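This report concerns only the one structure given below.
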Amino acid sequence: MALEGPLQYPPELLDTTMDQLRTLITVREEGTALGAARRLGREQSSVQKQLDTMNRTFAALCGEELVLKQGRGRDALFTATGEALVDLARRTLGDWTDGVHHARRRLGRTLSVGTTRYTLGFLLDAVERLREEYERDGVDLKVTHVRTGDLFDRLRSKELDVVCGSVVVTEGQEREQLAPYEVMEWRRSGLSLLTNLPPERLPGRSFGAGDLPGLPLVISTGGLIGRFLTSWYGPDYRQKLTVAAEIEAAHYGFELLRSGVVSGAMLVTRGIGDAATDGRLPEAAGLRMLDIVGDVGPRTEVLVGVFARRGERDAYGPDHPLNRLWEALSWESERWWLRP
C-alpha cells in the first residue's frame, strides 16, 4: 500500500533545514562559501559543511549535486538542479516568513506602520496614547519611513498594515484609485509655489497652473508633484515647462532658492507651503508662498490621510492593535488639523 500524507516525503528531504536553505541562497548571492560565511557571521568550514551535506542529499534525490567547486578565488558553479533549488528555497522561506507575519498580524502580535516625513508627528501623537497598552500586550510596533510614490505598493504587498501620508487623486479616477483601500481623510489641498522671485516679478498671492510654463521652476523628479504635472500637461511636461532645476528632496530645493543659485519658484504641496509660511520649516525661511489655481486639465488634489487595506480591520476585533491605532488616529485628527 502506498504511503500518503507526510509519510511519503523522503527522509533525506526532511533532514534539510531552513538554515541550510538560507546558506544555499547566500552562497548563490555572494558567489563563494567564504563570502557567504562573512555575510552570515560564520566560519567558512561551517558553510562548506552545509553545502557538502546538501550536495550529498540532492545528488541522491535528484541525481545531480547542487554546487560544484571551481577552485580557489573562483565563484561556485551552480548546476541546473542547484539553480532550481535556490529559486525553490527563496519561495519556501518567503512563504514561511509571510505565514508567520500573517499569524502574528492576525493575533495582534505585530503592527507595521508607514509614514511620510510630514505626517510623522501626527502618527507619533497617536502612538503615544497607545504606548503603555502596546507594551502591556507585547505588541511589536514597527514604524517605517515611506515615500509618497511607494505608499500603495507597500500596502498591496502587505509590507505595511497602515500608512499615514498623501496621495494624488484625479477627477474621474478617484473611485477606482481608492477602491482597494479604507481611507481616513484628513484634508485635501492643491499645490503652492515657494519662490525667491521679487513681488514685481511674481506679484499677488496666487498663480494659475496654466501660466507655469512662463516661470523658471524647481520641480521634484517624482512623487506628488510629477503626478500633478502629468495630469495638467501630460507625460512630456518637461518639454512644456521651463525647468530651472530638478530635485529629489524638498530640502535641496529650499537650499537652492535661499542661496540664490537658482532664481525661480518651487512646486510644493499646500501643506508644505503652509508649514513654510507658519515658520514650521526653518529651512524654507524667507521664501514667499503663492497658491496655485488649478485652471488646466482635470481637477487634481492631494489627499492627506490614513490608508489601510479595505476590509482588513473588519476581520479583527475592536481590541486588535490595528483597530486601536485607527481609533487613536481618528481621535487625534481633529485636534491636529484644527490647531491654531
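Heads up: numbering here begins at 1 and tracks the sequence. Predicted, not measured: the structure shown is a model, and the values here were computed from it.
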Donor-acceptor contact present, side-chain [X] to main-chain [Y], <3.5 Å:
X      : Y      : answer
Asn55  : Glu65  : no
Arg313 : Leu322 : no
Thr119 : Thr115 : no
Gln48  : Ala33  : no
Arg324 : Asp319 : yes
Glu133 : Pro321 : no
Ser330 : Trp326 : no
Arg270 : Asp291 : no
Asn196 : Leu287 : no

More than 12 heavy atoms of other residues, nucleotides or ligands under 6.0 Å from [atom1] of [X]: yes or no?
X      : atom1 : value
Glu135 : CD    : yes
Arg136 : CZ    : yes
Glu12  : CD    : yes
Arg258 : CZ    : yes
Arg38  : CZ    : no
Glu248 : CD    : no

### Task
Please work out whether the ring planes of Phe228 and Trp232 are parallel, tilted or perpendicular, with thresholds of 30° and 60°.
perpendicular

Got a list of side-chain donor-acceptor pairs under 3.5 Å for residues 292-307, not counting sequence neighbours?
{"residue": "Asp295", "atom": "OD1", "partner": "Ala209", "partner atom": "N", "Å": "3.1"}
{"residue": "Asp295", "atom": "OD1", "partner": "Gly210", "partner atom": "N", "Å": "2.7"}
{"residue": "Arg299", "atom": "NH2", "partner": "Glu301", "partner atom": "OE2", "Å": "3.0"}
{"residue": "Thr300", "atom": "OG1", "partner": "Ser231", "partner atom": "OG", "Å": "2.8"}
{"residue": "Thr300", "atom": "OG1", "partner": "Pro298", "partner atom": "O", "Å": "3.1"}
{"residue": "Glu301", "atom": "OE1", "partner": "Arg188", "partner atom": "NH1", "Å": "3.0"}

### Task
Kindly give the heavy-atom pair with the smallest separation between Ser166 and Leu224, and that separation in Å.
CB-CD1, 3.8 Å

## Note on the structure
Closest non-hydrogen atoms of Thr195 and Gly264, given as atom of the first, atom of the second and distance, are OG1-O, 2.7 Å

### Query
Mind checking whether Pro180 and Phe152 have side chains closer than 4.5 Å, heavy atoms only?
no

### Query
When you look at Arg28 and Glu83, which way does the salt bridge (Lys or Arg N to Asp or Glu O under 4.0 Å) test go after all the steps?
CA-CA 8 Å; Arg28 180 65 183 86; Glu83 293 286 2; 3.1 Å; yes

### Query
Is Met54 reachable from Leu34 through a run of hydrophobic residues whose side-chain heavy atoms are each under 4.5 Å from the next?
no

### Message
For a quick check under 3.5 Å, do Tyr181 and Arg156 share a side-chain donor-acceptor pair by atom type?
### Response
yes

